[in-house]
Amino acid sequence: MSDTPTGRPHWGTRMGFILAATGSAVGLGNIWKFPYITGENGGGYFVLIYLACVLLVGLPIMIAEVMMGRASRQSPVGAFLHFRGRDTLWSGVGWLGVAAGFVILSYYSVVAGWSMNYILLSLTDHLQTLDADGISDVFTTLHAAGDINLFWHFLFMATVIGVVIGGVQKGIERTCNVLMPLLFVLVVLLVCYSIFLPGGGFLKALNFIFVPHAELLSKRSVLEALGHAFFTLSLGMGAMLTYGSYMQNRRDVVYNSLWVAGMDTVIALLACMMIYPAVFAFGQEAQAGPGLVFKTLPILFAQMPGGLILSLLFFLLLTFAALSSAISLQEVVTATVIDRLGWERRRATMITGSAIFLFGVPSALSGSGELFGSWTRIFGANFFDTMDYLASNWMLPLGGLLIAIFVGWVMKDKDRRDAFGADEHPAVYYILFKILVKIVAPISVLIVLLHKIGLIHI
Ligand code: TRP
């Protein structure tokens, strides 16, 4: 049975939470975005700064979310209600999170669609017959093909809806129990292959990732690293909070959060270690930007021995990672509708999932620019970029800041101690947590936000 006496579903095992939450965290952010922003920011130092952001800002906010969920057994809106005892403006933070989930999933699904398209391409030898320019054009053509993007967007959202309708244990947990180990094996396999690439590519990659170089580092790198820490750990919109609400044992809050943040970081570093050796072995640039995975890598796969199968494995991996993340985004919206409106899971998921699909249509058509041409452009950027910008640059950091302030300053100390499980850990854990969640995390995020509004210059 998946129901508690109160009717709330819960994870079947402790691993259930860890795998599902790691599934949420490990996604396009790790395998697509982290490697290219590491490249753009010059490697070494950026990685160090990013690790510091994860540890000092990401981890405390993750614990804050998981403990709010576990103690209240509610999705984001209800969790704020629970701790305040009534409806206050804080419930709005919950709604902001739900809105962020809605927005992120709508364009995330489009990128996942590109990955699925490359699975299909890897099954034919079309890419192998083209030269480098030809391969890069394949992506340009795909990006501009509205109908193909719509097709994959639809298929991906349908899959996400199918999993989430299955429920916490039978849908999400079961899917992540399969996807996550598979994903891990694929990453390790691909890294092992990279070790044996010619031209010392692997060593060059290690040097690039782990040895600090300052050339391309700028002050903006710090802002980017912090923003990315939020996105990659799925923070700031109640995804971890919602998954935490299906967790039973209070003792697990801190350790599970450590596991999830740790695995997410390891996979992000491994992703660099599988991509950069090939980039260097074949004399490509590390600063390829967003096209790194969809343009540069396919060019490399076409030159490598066994490239077709590698390409297939890689894009399967990317799609799995995207799916387990997308599930968590949908679950926040579904759980909120179930908890607040009392709808049944199936109806809640079908209706909100379809709405997200529709909202993502202009993103899917963004590259084509023909249909919807003018109204998909807002502030001069296309709909896809605008949504990504709004969510990752504003909604998530703002949500994270407010969650840190809530847990750090608004929640009663007794509730906070209880939710954290302070009595079950060495005293220093709780003290450290309080310092980070009250001071370090909010101040860091505030600096980033103030800088974005232009109120401070660094
Ligand atoms: N963390 C995922 C990634 O790295 C994306 C994601 C899933 C997410 N759920 C989230 C981001 C919730 C922010 C909030 O790709």
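Indexing begins at 1, ligand by ligand and atom by atom, following the structure's order.
Counted within 6.0 Å of CG on Leu89, heavy atoms from surrounding residues, nucleotides or ligands total 12 or fewer; the atom is thus considered open. A 6.0 Å sphere centred on OH of Tyr45 holds no more than 12 heavy atoms belonging to other residues, nucleotides or ligands. Trp259 CH2: 12 or fewer foreign heavy atoms inside a 6.0 Å radius. Counting non-hydrogen atoms of other residues, nucleotides and ligands closer than 6.0 Å to CZ of Phe154 gives a total of 12 or fewer.
Pairs of residues two or more places apart, or lying in two chains, that qualify as side-chain hydrogen bond (donor to acceptor under 3.5 Å, both in side chains) and include a residue from residues 109-119 are Ser109-His153, Trp114-Asn149, Ser115-Thr319, Asn117-Trp152.
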Pairwise, report which nitrogen or oxygen atoms of ligand 1 are under 3.5 angstrom from protein nitrogen or oxygen atoms, and how far apart they are.
residue, atom, partner, partner atom, Å
ligand 1, 1 (N), Ser24, O, 3.2
ligand 1, 1 (N), Ala25, O, 3.0
ligand 1, 1 (N), Phe231, O, 2.8
ligand 1, 1 (N), Thr232, O, 3.2
ligand 1, 1 (N), Ser234, OG, 3.0
ligand 1, 4 (O), Ala25, O, 3.0
ligand 1, 4 (O), Gly29, N, 3.4
ligand 1, 4 (O), Asn30, OD1, 3.4
ligand 1, 9 (N), Ser234, OG, 3.3
ligand 1, 9 (N), Ser328, OG, 3.3
ligand 1, 15 (O), Leu28, N, 3.1
ligand 1, 15 (O), Gly29, N, 2.8
ligand 1, 15 (O), Tyr108, OH, 2.6

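Judged purely by distance below 3.5 Å, without hydrogens or angles, the side chains of Arg14 and Asn256 pair a donor atom with an acceptor atom.
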